[in-house]
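Report on the following structure.
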2 protein chains.
Amino acid sequence: MQSDDAKTRRREIPEASLRRLPIYYRFLQKMAVDGVVRVSCADLARGLGLDPTQVRKDIEMTGIVGKPRFGYPLVHLIGWLENFLGWNRAKSAVLAGAGSLGSALLGYEKFRKHGMEIMAVFDIDGAKIGQRIHGKEVQPLGFLPDFVRRTHTLLGLIATPADAAQSVADLMVTGGIRAIWNFAPAHIRVPERIILQNEDLYHSLASLSFKLERQLGAPPFESEISYAKDH
Amino acid sequence: MQSDDAKTRRREIPEASLRRLPIYYRFLQKMAVDGVVRVSCADLARGLGLDPTQVRKDIEMTGIVGKPRFGYPLVHLIGWLENFLGWNRAKSAVLAGAGSLGSALLGYEKFRKHGMEIMAVFDIDGAKIGQRIHGKEVQPLGFLPDFVRRTHTLLGLIATPADAAQSVADLMVTGGIRAIWNFAPAHIRVPERIILQNEDLYHSLASLSFKLERQLGAPPFESEISYAKDH
DNA sequence: TGCATATCGAGAAACTTATATCGAGATGTT
DNA sequence: AACATCTCGATATAAGTTTCTCGATATGCA
């Protein structure tokens with residue numbers, strides 16, 4: 001809002017670009033393992049089958065400056081992206097819901113490498129409370145707000161059944177959480193200031209299902225087999 | 001004319017609208033349980049905390065026609081959405097990867113109510129093959145293409161580790177799959193004709209992490225990351 | 001050294017999606 | 001029966017995103 005230079009450009013990056021950065025990030029890491037030391041946007045585009053202009057735009061959005069005819073030093077670009085996304089700074093999180101999805105999330109070791117650490121798990125089911133899942137003891141859901149408050153936890157993950165999601169979100173907000181990552185198939189409402197990210201499978205399923213039916217209904221596709229944006 | 005209009009409009013619905021339809025759908029079902037018999041776009045918007053204009057636009061996109069001053073008959077609208085999304089027509093699916101995520105997906109009873117039925121599970125791990133998960137016996141991954149071919153399976157779910165995702169996708173394509181729902185944190189490439197839906201947690205995590213850090217305030221460091229360039 | 005070329009960076013154009021506005025028609029009320 | 005009002009549907013405007021184009025510059029090579 002204040003100015004337009006590189007410092008604040010970070011704040012104006014399109015959501016779509018933001019979501020593509022991990023794709024580049026992973027590809028860069030793979031290249032690093034292969035011993036590559038420099039990379040151009042065109043290299044990325046070729047390797048990933050994406051549009052070169054889009055790749056350049058996305059990278060440019062992060063504020064890093066490359067050199068014409070050279071590209072970017074690979075390791076430096078990786079570090080830049082990590083820093084840009086905040087993946088090199090730990091953020092604590094709590095998880096609500098110790099069912100199969102919650103357990104799977106708890107087991108994701110890699111989250112820690114991406115700046116997120118799940119500090120505690122909560123559930124309302126008496127049978128689950130006290131159990132240990134991936135080394136974390138399941139605590140009563142009622143303890144959540146106080147835990148969040150005491151430890152200044154920033155992020156809350158919701159992996160409960162749909163009908164519990166709103167009340168769990170409310171608990172998190174009560175405790176002073178800053179962002180919610182909602183895996184429950186439910187539309188939840190939170191105060192404006194809370195960052196909310198929905199991971200609703202049924203949103204995707206709707207899109208997928210519709211497209212699939214449309215394709216099936218349409219004339220049974222031209223038999224040319226061409227790879228997307230790959231030429 | 002009406003139906004022709006509606007049919008063509010079906011093909012032009014924005015992705016964003018498509019992904020919001022399940023939100024309306026669920027809210028409508030809740031209303032139906034409460035005995036409501038008619039609903040207006042404004043009702044939906046109010047109940048969900050969304051913009052009324054957007055709701056109307058989305059509903060309109062599906063081609064249903066409402067009545068001024070009345071809205072839509074609730075049950076009829078629910079049925080219309082189900083039909084529009086194809087949730088009332090069963091589509092068979094296969095799952096690759098019987099780890100924690102794969103198991104969780106297998107356990108989602110509700111998928112069937114949304115038109116998707118997972119018919120078989122495949123894994124490459126000898127220890128898992130033969131085990132039963134949620135009533136399905138895990139089969140060797142190599143059997144996948146033939147299974148897909150024999151049963152004309154439309155949809156493939158990938159819940160493998162990242163490094164296996166591309167080869168599994170290739171297997172599915174070989175078998176003649178029409179759409180892939182990819183849960184592995186990997187960028188996979190498929191022929192143009194294949195519908196691909198990525199459910200990459202790290203895309204979301206990037207967005208969430210960035211927003212969280214931005215909200216927390218001061219960019220940790222700005223200009224000192226300008227790589228000292230040797231000549 | 002000087003030229004050809006790959007690559008970045010920025011701005012413009014095209015396209016998509018979201019928001020605002022307005023007219024028409026159905027309903028409920030007086 | 002007439003009127004006020006609510007709600008849809010369509011059009012217009014704005015905002016956001018992607019794609020295209022072009023100039024500038026560093027590098028590699030002759």
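Hydrogens, waters and symmetry mates are skipped; everything else that's a heavy atom, side chains included, is used. Residue numbers begin at 1 in each chain, while the letters A, B, ... track the order of the sequences.
Checked against D:dC8, C:dT17, D:dT19, the side chain of A:Asp51 finds its nearest nucleotide in D:dT19. Proximity note for A:Cys41 (side chain, C-beta onward) versus D:dT19, C:dC8, C:dA18: the nearest is C:dC8. Considering only the side chain of B:Lys57, D:dT11 comes nearest among D:dT18, C:dT17, D:dT11. The side chain of A:Glu60 approaches C:dA10 more closely than any other nucleotide in the set D:dA26, C:dA10, C:dA26.
Per the geometry, CZ belonging to B:Arg38 stands 12 Å off P belonging to D:dC6, to the nearest Å. A:Arg69 places its CZ atom 6 Å from the P atom of C:dA6, with the value rounded to the nearest Å. Here C:dA18 presents its C1' atom at 16 Å from CG of B:Leu18, a figure rounded to the nearest Å. Between the CD atom of A:Gln54 and the C1' atom of D:dT21 there is a distance of 17 Å, rounded to whole Å. Counting to the nearest Å, the C1' atom of D:dC8 and the OH atom of B:Tyr72 are 6 Å from each other. Residue B:Phe70 contributes atom CZ, which lies 13 Å from atom P of C:dA26 at whole-angstrom precision. Residue A:Ile64 contributes atom CD1, which lies 14 Å from atom P of C:dA10 at whole-angstrom precision. The distance from atom CD1 of B:Ile59 to atom P of D:dA10 is 15 Å, rounded to the nearest whole Å.
Residue order along DNA chain D, read from the 5' end via each residue's closest nucleotide, puts B:Asp43 first among A:Pro14 and B:Asp43. Across the interface with DNA chain D, nearest-nucleotide mapping of B:Gly66 and A:Asp58 shows B:Gly66 to be the residue nearer the 5′ end.
Among the heavy atoms of the strands lying under 4.0 Å from A:Thr53 is at least one base atom, whether or not backbone atoms are also near.
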Check against side-chain contact (heavy atoms from CB on, under 4.5 Å), A:His187 and A:Asn182: CA-CA 9 Å; A:His187 179 78; A:Asn182 176 36; over 6 Å; no

Verdict with reasoning, A:Trp80 to A:Thr62, per side-chain hydrogen bond (donor to acceptor under 3.5 Å, both in side chains): CA-CA 8 Å; A:Trp80 181 275; A:Thr62 69; 3.1 Å; yes

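Looking only at atom types and distance, the side chain of A:Asp170 has a donor-acceptor partner in the side chain of A:Gln166 under 3.5 Å away.
Contact check, A:Lys67 against D:dT27: a side-chain N or O comes under 4.0 Å of OP1 or OP2. Regarding contacts with the backbone of C:dT17, every side-chain N or O of B:Arg20 stays at 4.0 angstrom or more from both OP1 and OP2. Contact annotation: A:Arg56 side-chain N/O to C:dC8 OP1/OP2 distance is under 4.0 Å.
Using a 30° and 60° split on the angle between ring planes, B:Tyr25 and B:Trp87 fall in the perpendicular class, above 60°.
The backbone N or O of B:Gly86 lies less than 3.5 Å from a partner atom in the side chain of B:Lys91, making a donor-acceptor pair.
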